[in-house]
Amino acid sequence: MDTNLRYWDLRYVSGEHTGIDIDNGEIEAAGVSFFSKAVIRALGPKGWGIVTVAPFDPDDRTSLSAYLSRAEKAAVVTREDVVLAEAENRTILPVPSMKEDPREVPLEEKAALLMEITQAASVPGVTSTRGTYTERSETVFFLDSTGYETSHTICRSGFSAMAVARRNGMMEMGYVRDHTIDGLNIRHRGSEGEKAGNRAVALLDAKKPKGGRMRAVLDPELGGVFAHEAVGHASEGDLVKEGASVLKNQIGEAIGSPVVTIIDDPTFRSFGFEPVDAEGIGGIRTVIIEDGILKRYLHSRETLAAVGSGDAGHARAMPGNVPIVRMSNTYIAEGDASYDEIIEECRDGILLAGSRGGQVDPGRGVFQFNAEYGYLIEGGELKEMVKDVSLSGEILQTLHSITLCGNDLRMHPGYCGKGGQSVPVSDGSPHLLLEEAIIGGSGDV
């Protein structure tokens, strides 16, 4: 290592991406692309110098020295003082085995299996369908100036299917998706496509509810979105460092109901699993909120040194990009209430299910999430289906309003965007009961 550098590291990712798109029963695109990208970071007297290389040859150590020299020159001009926390956890986890390796299944067979799902979505009343399959296999190699090196290979795959129903000028959409690290998951999944189609048709007849403050039950998908978007992002150390999080200076404070515990866990066997983070730090289960008390933030080595109160091991990066603080598998821990008990305890209110996105401002601590659909709850029983409903409010106030957590945690896979990078994650929760939830709606039922 050059004497002017305090530290350097190399993260090299190579692999292949397979994609299939089917639009209204026609295969619109199918193919495989390859990538080979590296990022070299060099920590100079103050901050980082960074060089990105594609393609990259990991066996060419002469080129690596040249890239390090260029990174060192870039580091000289940086002015932000960067300090790194100690790399304490170097334990890399084994990648879970797959039930069926999708890389060994021909592209034609995968296209045929996806076609079965989209055809099943075309139930009476559905006017168009779309299906997508993605598969990404990547080998990650990490080396730093201490001589530490590690590598692993992981394959993620999955599908999504969408159905659109139209009637008398109205249009509604049903949507399903499933992505996993467990291997090929598109065999015998026609029922998922049918579910998307039936939901789109059912929403044509659903009414719009009145909005206002009321008791609400969140299903595991929307509860997971709340955990990820409203709490997870606000606990990321870079946002805390920048003063862009409502959770700054709240460690040790009661920021939620005593029934609320929220965890981010890259070691959890779900779509956001990471055997080691993008800084070569072993993944660690971090309890963000425990029994309503804010305990820890999520950190990279840099934000842990700057902010404290948390765990490194939460830096992630797309191939060819620099590590930034990210979530992995974020969820609200189970309570002891059954689903039936939660609906009965709600008495009169609304069940919100699924997610159609939304927005959150972690700095101001406010959010708005759109549910895919819902059901009115009257006298402790589910009644008619409703649509165009949303949940909004302040993050801390909503955390205090959770009065019951179910015993039925379920995780949902997806991709999270931040800083121009998109990484695989999952989030989840059990069914949740909220008092005085702010529900958006424009109807009269």
Side-chain angles (χ1 to χ4, degrees), residues 211 213-236 239 245-247 250 255-265 268 270-272 286-292 294 298 326-335 337 339 342 346 349-374 389-406 408-418 425-441:
R213 289 185 178 272
M214 63 188 76
R215 291 192 183 96
V217 176
L218 307 188
D219 84 333
E221 184 169 359
L222 192 59
V225 169
F226 173 75
H228 175 102
E229 298 288 354
V231 178
H233 279 301
S235 71
E236 291 172 335
L239 297 187
S245 168
V246 71
L247 301 185
Q250 296 280 347
I255 64 167
S257 159
V259 305
V260 176
T261 292
I262 299 182
I263 297 161
D264 186 85
D265 188 359
F268 191 94
S270 194
F271 194 53
T286 295
V287 179
I288 301 168
I289 299 172
E290 185 173 24
D291 301 331
L294 181 64
L298 309 178
R326 307 297 298 270
M327 287 168 278
S328 53
N329 303 303
T330 312
Y331 60 95
I332 299 176
E334 288 186 338
Y339 169 76
I342 288 176
C346 179
I350 192 168
L351 167 68
L352 304 182
S355 171
R356 286 187 174 172
Q359 51 195 334
V360 61
D361 183 338
R364 295 173 57 215
V366 295
F367 69 89
Q368 187 267 329
F369 303 134
N370 301 311
E372 186 178 5
Y373 61 98
V389 286
S390 64
L391 172 72
S392 61
E394 297 179 353
I395 295 172
L396 301 185
Q397 185 179 56
T398 303
L399 285 169
H400 281 289
S401 73
I402 299 173
T403 57
L404 279 178
C405 290
D408 52 357
L409 169 68
R410 292 203 304 271
M411 303 296 288
H412 293 83
Y415 287 87
C416 173
K418 178 183 174 183
V425 297
S426 69
D427 54 54
S429 85
H431 280 87
L432 306 172
L433 176 61
L434 279 64
E435 294 282 347
E436 295 290 314
I438 302 175
I439 303 301

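Every value quoted in this text rests on a predicted model; they were computed, and no experiment measured them.
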Could you give the distance from [atom1] ([X]) to [atom2] ([Y]), rounded to the nearest 0.5 Å?
| X | Y | atom1 | atom2 | answer |
| --- | --- | --- | --- | --- |
| L434 | T403 | CG | OG1 | 7.0 Å |
| L432 | C346 | CG | SG | 12.0 Å |
| R213 | S401 | CZ | OG | 9.5 Å |
| T286 | L298 | OG1 | CG | 6.0 Å |

Quiz question: by atom type and distance under 3.5 Å, do the side chains of D219 and H431 form a donor-acceptor pair?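 No donor-acceptor contact under 3.5 Å links the two side chains.
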Assess, by modelled atom type and distance only, whether the side chains of E236 and H233 contain a donor and an acceptor separated by less than 3.5 Å.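 Judged by distance alone, the side chains do pair up.
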Hey, does the side chain of [X] reach the backbone of [Y] with a donor-acceptor pair shorter than 3.5 angstrom?
| X | Y | value |
| --- | --- | --- |
| S429 | Y331 | no |
| N329 | D265 | yes |
| D264 | S328 | yes |
| S245 | A234 | yes |
| E372 | A353 | no |
| T330 | H228 | no |
| D408 | P430 | no |
| R326 | C416 | yes |
| S355 | G357 | yes |
| S257 | V259 | yes |

Heavy-atom pair of closest approach, residues [X] and [Y]:
| X | Y | result |
| --- | --- | --- |
| D427 | E221 | OD1-O, 4.3 Å |
| A371 | L222 | CB-CD2, 4.2 Å |
| V260 | I289 | O-CG2, 3.6 Å |
| A333 | I263 | CB-CD1, 4.4 Å |
| I332 | C405 | CG2-SG, 4.3 Å |
| F369 | F226 | CE1-CA, 3.7 Å |

Kindly write out the residues that satisfy side-chain contact (heavy atoms from CB on, under 4.5 Å) with [X], not counting sequence neighbours, or none if the list is empty.
| X | result |
| --- | --- |
| M214 | I350, I439 |
| L404 | A337, I342, E345, L433 |
| N370 | R356, Q368, S390 |

Verdict with reasoning, L218 to L391, per side-chain contact (heavy atoms from CB on, under 4.5 Å): CA-CA 9 Å; L218 307 188; L391 172 72; 3.9 Å; yes
Flag the pair [X] / [Y] as yes when at least one side-chain heavy-atom distance between them is below 4.5 Å, and no otherwise.
| X | Y | result |
| --- | --- | --- |
| S270 | M411 | yes |
| L247 | I255 | yes |
| I395 | F367 | yes |

Stepwise, does the side-chain contact (heavy atoms from CB on, under 4.5 Å) test hold for I262 with L399? CA-CA 10 Å; I262 299 182; L399 285 169; 4.1 Å; yes
